[in-house]
**Q** 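One structure is given below, represented as structure tokens, and several questions about it will come after.
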Amino acid sequence: MDLTQLANLGEFIGGVAVLVTLVYLAVQVRSARDDLRYRGATDVIDRTYQAYSPVYEGRNAEILWNGLSGTGTLSDTDAFVFDLLMRRHAGALSEAMRDLEAGVISPELIDFLGAHYRRVLTSRPGGIKWFRDNSEEFGGEIDLFRLIPQTGAVSQEVS
């Protein structure tokens, strides 16, 4: 083997090494992206659970239910507690929307959360009214049209 053949062989081996390195890097980038999405989804679910944790303390479940139902009048203290509970949920959802924009979580997770909040928090007149009254404070990240049903008796009650 002369020097030219060795140079050609070295160039070929170098090209193969570059190709193998690029494939390896592509696999690593994909793995890191998947790991980031998994951690992002886990964080979103954790924040949602944390938003619920004070509901189970004292009278908070009763206050949340009365506030969501929109029937009757809450005392000033109960109205304050209801507002705090709703802000915890809105904050968790707002963070999830920012994670979606950053590509950290999938749109399917947001759809799942939207369905959850629609079923739990915005299916009642008091919840819909609270989200409408306070959506501006969350920088518009919360897509009310995704959360609030646009048809049916519930949305007509608070219109």
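Since the structure is predicted, the reported quantities are computational estimates derived from the model, not experimental observations.
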**Q** Should we say atom CG of D76 is surrounded by more than 12 heavy atoms from elsewhere, each under 6.0 Å from it?
**A** no

**Q** How long is the gap from CG on L93 to CZ on R98, to the nearest 0.5 Å?
**A** 10.0 Å

**Q** Could you measure the distance from the CD1 atom of I128 to the CG atom of D133? Nearest 0.5 Å is fine.
**A** 11.5 Å

**Q** Would the distance check show the side chain of N60 and the main-chain N or O of P54 forming a donor-acceptor pair, the cut-off being under 3.5 Å?
**A** yes

**Q** Run the salt bridge (charged side-chain N to carboxylate O under 4.0 Å, His left out) test on R39 and D43 for me, step by step, so that the C-alpha distance in whole Å, both residues' side-chain angles and the decisive distance to 0.1 Å come before the verdict.
**A** CA-CA 6 Å; R39 282 185 286 138; D43 289 346; over 6 Å; no

**Q** Are the side chain of T21 and the backbone N or O of A17 linked by a donor-acceptor pair below 3.5 Å?
**A** yes

**Q** Evaluate the side-chain proximity of L68 to F82: yes if any heavy-atom separation is below 4.5 Å, no if none is.
**A** yes

**Q** Would a 4.5 Å heavy-atom cut-off, applied to side chains only, mark Q5 and L9 as touching?
**A** no

**Q** Check whether any side-chain heavy atom of D78 lies under 4.5 Å from a side-chain heavy atom of E62, and answer yes or no.
**A** no

**Q** Quick one: does E95's side chain have a donor or acceptor within less than 3.5 Å of a partner on A92's backbone?
**A** no

**Q** Show, in sequence, the C-alpha distance, side-chain angles and deciding distance for L64 and M86, and conclude whether the side chain to side chain contact (heavy atoms under 4.5 Å, CB included) test is met.
**A** CA-CA 8 Å; L64 183 62; M86 293 297 285; 4.0 Å; yes

**Q** Hydrophobic clustering (ILVMFWY, side-chain heavy atoms < 4.5 Å, transitive) - are L6 and I13 grouped together?
**A** yes

**Q** Would you compute the distance between atom NZ of K129 and atom CZ of R124 and round it to the nearest 0.5 angstrom?
**A** 16.0 Å

**Q** Output yes when a side-chain donor or acceptor of N134 lies under 3.5 Å from a complementary backbone atom of W130, and no otherwise.
**A** yes

**Q** To the nearest 0.5 Å, what is the distance between OG (S69) and CG (L74)?
**A** 8.0 Å

**Q** Roughly how far, to the nearest 0.5 Å, is CD1 of I63 from OG of S75?
**A** 7.0 Å

**Q** With a 4.5 Å cut-off on side-chain heavy-atom distances among I, L, V, M, F, W and Y, is there a chain of contacts connecting V27 to L19?
**A** no

